[in-house]
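A short worksheet on the structure shown next.
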Amino acid sequence: MAAAFLSKEATIAPLDYNRILVPPAALAAHLSIGQVYAFSVFNIPLTRLIGITHSAPVGADGVGDWTSNDVVIIFSIAIAVLGTAAALFGRWVERVGPRKSMFVAALCFAGGFIVSAIGVHYHWLLLLYLGYGVLGGCGLGIGYISPVSTLIKWFPDRPGMATGIAIMGFGGGALIASPLSVWLMDHFKTPSSNGVLETFATMGVMYFMFMMIGVYAARVPAEGWKPAGWVPPATPQRLVTQAHVAVDVAWKTPQFWLLWVVLCMNVTAGIAVISQASPMIQEIFAGRVNAEIAAGFVGLLSLFNMIGRFFWASASDYLGRRNTYIVFFALGILLYSTVPSLGRAGSLPLFVAAFVIILSMYGGGFATIPAYLRDVFGTMHVGAIHGRLLTAWSVAGVLGPELMSILRDDRIKNGVPKAQAYSVTMYVLCGFLLLGLICNICMRPVHERYHHREPAPPRSPT
Amino acid sequence: MRAKAIVLWLAVGLPLLWGVYKTLQNAAKLFH
């Protein structure tokens with residue numbers, strides 16, 4: 001019975017189904033897994049599981065609290081596994097449909113919290129790496145791509161807006177998870193526990209239930225369904241194909257790798273800023289911005305990261321995908337190169353304004369890429385192709401923060417004041433954006449020899 | 001179907017609005 005409910009056939013919607021019911025399914029999944037962006041709120045509590053109010057040093061018995069370096073690896077593993085899982089399970093997600101894949105994503109993501117809670121109970125770090133990192137990371141990867149191709153098929157007239165809504169949820173997830181985690185830890189705190197174990201267990205159950213909204217509401221359109229009154233444009237834009245490219249062929253095309261670099265460069269630049277946002281604003285505006293105010297700045301960046309996902313992806317339906325990325329890279333280069341001057345001038349409002357626009361374009365890059373893939377490779381395997389492209393995120397997730405940290409430390413070692421230690425990094429990031437701009441300008445339609453010759457496979461196996 | 005749409009959108013929209021509100025509350029300190 002449960003297997004029948006989860007099957008792809010059970011999710012095929014009747015022809016009169018209202019497509020406005022579909023985005024909440026995607027949002028339920030992405031608002032849940034977006035929690036990963038707020039995982040850093042657990043970093044300090046996880047280093048005080050034994051000492052409670054302080055980090056207990058390793059004693060003669062070899063028992064002591066985990067270090068900060070031990071703990072931050074959990075997030076890195078989760079992000080690396082996200083990209084890998086999206087690439088590995090993309091074809092499976094296309095085959096089984098959004099309901100079963102969202103259900104598996106919920107099991108993995110919630111299971112990751114439960115395994116981590118057990119790891120906290122036994123103070124066994126490996127269980128957190130395997131739990132939240134690997135199992136949870138699989139949930140992140142599968143949950144991220146599950147609703148994307150479904151939404152593109154429901155909104156052929158507005159694919160950018162549709163994927164923007166879903167991927168906006170991933171940005172919004174941190175806005176919910178951050179205060180929720182703090183509130184739960186405070187609620188469960190006792191003199192002998194800082195409440196992390198109970199918070200992990202509670203969040204595992206809560207997120208599983210919330211993702212079930214997505215499992216329940218997931219629907220795919222019937223074969224041949226089109227929005228009422230919508231006629232595909234007779235003369236589509238140059239980069240928009242009416243053909244399909246299979247996933248195993250797509251990654252052999254130059255277009256796939258050009259888009260891989262485009263995504264990687266856009267994410268590297270944005271994630272570099274996110275990784276150092278709090279210390280950066282405190283050091284550039286020393287004496288004016290303390291840790292609490294910097295937390296407000298980080299929150300504002302998260303908010304614009306979310307807004308940008310919806311705004312830019314929707315705008316791309318009118319501007320065209322390539323033009324939207326030209327805006328990201330050209331405006332990005334302008335803003336990154338201006339930031340050092342704004343810092344030197346002591347202009348906090350303009351500094352903040354520059355970074356919220358930058359972060360909106362970071363989010364916009366994520367949200368626009370599925371529609372770009374759909375334009376270039378067609379809808380047949382867009383979810384699986386998107387999954388493989390997300391390996392660019394895994395690379396950028398390591399490259400951006402490492403680059404920012406290494407360059408900053410190098411400048412400080414060379415006697416540059418902390419307030420000016422970020423200038424060179426900003427110019428280097430401009431170089432990354434320039435590379436992305438060149439790759440984006442080089443985008444051309446996929447050659448006909450890569451097109452899928454047979455008709456697209458039916459959405460439900462018979 | 002309209003009632004179902006309202007329930008679904010509220011289920012995902014209300015937590016998101018709460019998150020946005022808490023974030024703006026925090027961000028307001030930046031301009032005080």
Side-chain angles (χ1 to χ4, degrees), chain A residues 14 16-32 34-35 38 165 168-169 171-180 182-183 206 209-210 212-214 216-217 281 285 288-290 292-307 348-349 351-352 356, chain B:
Chain A
D16 62 344
Y17 194 77
N18 189 345
R19 61 179 174 166
I20 203 69
L21 292 164
V22 183
L27 271 171
H30 274 233
L31 282 172
S32 301
Q35 179 277 339
I165 290 175
M168 176 185 80
L175 304 186
I176 300 169
S178 183
L180 178 67
V182 171
W183 183 80
M206 281 174 72
M209 290 168 67
F210 197 67
M212 286 306 108
I213 297 173
Y216 163 74
I281 195 168
F285 295 94
R288 285 173 68 187
V289 174
N290 58 24
E292 198 186 358
I293 297 173
F297 174 62
V298 175
L300 207 57
L301 295 185
S302 302
L303 183 62
F304 276 83
N305 175 10
M306 180 189 82
I307 292 169
L348 183 61
F351 181 89
V352 172
V356 297
Chain B
M1 199 170 281
R2 182 177 290 180
K4 193 174 160 187
I6 292 170
V7 170
L8 281 174
W9 275 101
L10 282 177
V12 293
L14 288 178
L16 183 59
L17 281 177
W18 178 76
V20 170
Y21 168 70
K22 298 296 279 183
T23 305
L24 286 175
Q25 224 179 12
N26 234 353
K29 291 170 194 157
L30 196 61
F31 300 104
H32 277 174

| chain A heavy atoms under 4.5 Å from B:Trp18: which part of the residue, side chain, backbone, both or neither? | side chain

| task | Among A:Ile20, A:Ile293, A:Ile176, single out the residue with the greatest number of heavy-atom pairs under 4.5 Å to chain B. | result | A:Ile176

| Heavy-atom proximity to chain B below 4.5 Å, by part of A:Val298 | neither

| query | If you round to the nearest 0.5 Å, how far is CG of B:Asn26 from CG of A:Leu175? | reply | 11.0 Å

| request: Quick one: do B:Val12 and A:Phe210 satisfy side-chain contact (heavy atoms from CB on, under 4.5 Å)? Show the steps, please. | output: CA-CA 9 Å; B:Val12 293; A:Phe210 197 67; 4.1 Å; yes

| For A:Leu180, is it the side chain, the backbone, both or neither that has a heavy atom under 4.5 Å from a heavy atom of chain B? | both

| field | B:Lys4 portion near chain A, given a 4.5 angstrom heavy-atom threshold | value | both

| note | Greatest number of non-hydrogen atom pairs under 4.5 angstrom with chain B, of A:Ala28, A:Gly172, A:Gly299, A:Pro179, falls to A:Pro179

| message | Counting neighbours of OH on A:Tyr17 that are heavy atoms of other residues, nucleotides or ligands and sit closer than 6.0 Å, is the number greater than 12? | response | yes

| message | How close do A:Leu300 and B:Ala27 get, counting heavy atoms only, and between which atoms? | response | CD1-CB, 3.6 Å

| remark: So, the part of B:Leu17 with a heavy atom under 4.5 Å from chain A: the answer is neither

| message | Within this structure, what is the CE-CG distance for the pair A:Met168 and B:Leu16, rounded to the nearest 0.5 Å? | response | 5.5 Å

